[in-house]
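Below you'll find the structure, written out as structure tokens, and then a few comments.
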Amino acid sequence: MFQGRSLLKEVDFTPAELEYLIDFSIHLKDLKKRNIPHEYLKGQNICLLFEKSSTRTRSAFTVACNDLGAYPEFMGAGDIQLGKKESVEDSAKVFGSMFDGIEFRGFSQEHVEALAKYSGVPVWNGLTDAWHPTQMIADFMTIKEEFGKLKGLKLVYCGDGRNNMANSLVVTGSMLGVSVTIASPEELFPEQSVIDYAEKFAKESGSTVTVTSDIKSAVKDADILYTDVWVSMGEEDKFEERIKLLKPYQINKELTDLIENENYIFLHCLPAFHDTETKYGAEMAERFGVKEMEVTDEVFRDEKHARQFEEAENRMHSIKAIMAATNGNLFIPRV
Ligand code: CP
Ligand code: NVA
């Protein structure tokens with residue numbers, strides 16, 4: 001049963017339930033493309049709390065709410081007291097008394113867990129420092145659309161191995177039978193507790209978990225090549241150190257030429273630093289002579305392989321599926 005549940009981290013759901021959400025997302029995408037109404041949350045009020053900024057997650061929740069017949073209310077960092085002048089517990093009780101569901105994007109995983117505990121309504125984690133679970137449904141949906149399956153594929157994530165994306169990818173992949181390799185410098189290897197977690201699931205799903213600093217060997221048998229920013233939100237003072245550490249982990253043509261599967265795909269949760277068309281991108285080019293960071297513009301624009309914008313669109317369909325399954329009165333057979 002999905003009704004009334006929160007999605008705070010991937011392991012809140014079983015592998016079969018995650019795969020159900022992926023398939024339901026694909027179904028809702030089809031309904032949307034065919035203009036078939038699907039107002040499963042008609043009349044609901046949904047609270048969108050953002051302590052950190054967002055383009056995709058905010059847009060996805062807003063449009064998904066509208067398509068589902070719900071009313072979204074956005075509250076940014078400067079608008080609410082959460083944890084500053086009012087405890088998370090007290091804020092949660094207030095939100096829960098007025099809203100039917102809450103999205104939270106912020107720093108602390110404890111805060112999103114507390115919101116769920118004290119609000120009494122479903123809470124969806126739109127990214128914390130630890131996990132990015134709604135992103136996972138979109139990512140593995142994009143992979144399933146491309147390959148028609150998940151089990152047996154290999155995903156190689158290159159870059160900051162200890163951020164929210166690396167954590168979520170290695171755990172979700174191992175739950176769904178996708179082998180995941182994290183290729184990063186030793187200084188940025190994932191925490192052992194995350195790897196232990198992933199290995200437990202990998203054993204059950206028949207996949208593997210690998211952590212290595214040898215990026216060239218790692219990518220050879222990749223089906224999916226994944227990267228994320230070198231500096232996550234809240235770490236903006238770390239550009240210099242990360243550029244030094246992560247330059248050898250850039251996804252560029254020299255690296256993609258090593259991939260044996262000519263039908264591999266490139267994914268990126270976005271936003272990406274692939275040129276100097278951003279304030280930070282231009283500043284880093286000026287200060288360190290680095291015009292492209294985690295991915296080169298050439299790879300980013302390689303239409304044969306790059307799927308990051310399909311992935312971005314899928315954020316909306318998958319967030320819609322998550323909200324509808326957990327807060328709509330849908331009949332979902334036990335999965
Ligand atoms: N991928 C992602 O979460 O994008 P936003 O930060 O724009 O929401
Ligand atoms: N690791 C990135 C992901 C952005 C979607 C961050 O936390 O900023």
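Every number for a ligand or one of its atoms is a count from 1 in the order of the listing.
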Does atom [atom1] of [X] have more than 12 heavy-atom neighbours, drawn from other residues, nucleotides or ligands, at distances under 6.0 Å?
X: Glu286; atom1: CD; value: no
X: Lys52; atom1: NZ; value: yes
X: Glu186; atom1: CD; value: no

Would you say ligand 1 has an N or O under 3.5 Å from any N or O of [X]?
X: Pro271; value: no
X: Leu127; value: no
X: Ser54; value: yes

Around [atom], find the nearest protein heavy atom and jot down its residue, atom name and distance.
atom: atom 6 (O) of ligand 1; answer: Arg105 NH1, 2.8 Å
atom: atom 4 (O) of ligand 1; answer: Arg56 NE, 2.8 Å
atom: atom 7 (O) of ligand 2; answer: Asn164 ND2, 2.9 Å
atom: atom 2 (C) of ligand 1; answer: Arg315 NH1, 3.3 Å
atom: atom 8 (O) of ligand 2; answer: Met233 N, 2.8 Å

Worksheet item: So, do Phe273 and Phe300 have ring centers that fall under 6.0 Å from each other?
Response: no

Worksheet item: When the aromatic ring centroids of His305 and Tyr264 are compared, is their separation below 6.0 Å?
Response: yes

Item to complete: Return the option from Leu270, Asn167, Asp228 holding the heavy atom at the smallest distance from atom 1 (N) of ligand 2.
Response: Asp228

Fill in: From the candidates Ala138, Cys269, Ala272, Ala312, the one that places a heavy atom nearest atom 1 (N) of ligand 1
Cys269

Worksheet, complete the sentence: Short version for Lys52: what comes under 4.0 Å of ligand 1, heavy atoms counted, is neither

Worksheet item: Within the distance-only criterion (no hydrogens, no angle test), does the side chain of Asp12 pair as donor or acceptor with the backbone N or O of Lys9 below 3.5 angstrom?
Response: yes

Worksheet item: Looking only at atom types and distance, does a side-chain atom of Ser6 sit under 3.5 Å from a main-chain N or O of Val123, one as donor and one as acceptor?
Response: yes

Practice prompt. Please say which of Phe331, Tyr20, Tyr40 ends up in a ring-ring contact (aromatic ring centres under 6.0 Å, His included) with Phe2.
Written response: Tyr20

In ligand 1, which numbered atoms sit nearer than 4.0 Å to a non-hydrogen atom of [X]?
X: Thr55; answer: 5 (P), 7 (O), 8 (O)
X: Gln135; answer: 1 (N), 2 (C), 3 (O)
X: Leu270; answer: 1 (N), 2 (C), 4 (O)

Practice prompt. Only one of Lys33, Lys320, Arg307, Arg56 passes salt bridge (charged side-chain N to carboxylate O under 4.0 Å, His left out) with Glu313; say which it is.
Written response: Lys33

By number and element, which atoms of ligand 2 are closer than 4.0 Å to a non-hydrogen atom of [X]?
X: Leu127; value: 3 (C), 4 (C), 5 (C), 7 (O)
X: Asn163; value: 1 (N)
X: Ser232; value: 1 (N), 2 (C), 6 (C), 7 (O), 8 (O)

Worksheet item: After noting the C-alpha distance and the side-chain angles of Gln308 and Leu267, does the key distance pass the side-chain contact (heavy atoms from CB on, under 4.5 Å) rule?
Response: CA-CA 5 Å; Gln308 68 277 10; Leu267 294 178; 5.7 Å; no

Worksheet item: Is Arg5 salt-bridged to Glu17, going by a charged N under 4.0 Å from an acidic O?
Response: yes

Worksheet item: Given that the side chain starts at C-beta and the backbone is N, CA, C, O, which of these parts of Asp160 lies under 4.0 Å from ligand 2, counting heavy atoms, or is it both or neither?
Response: neither

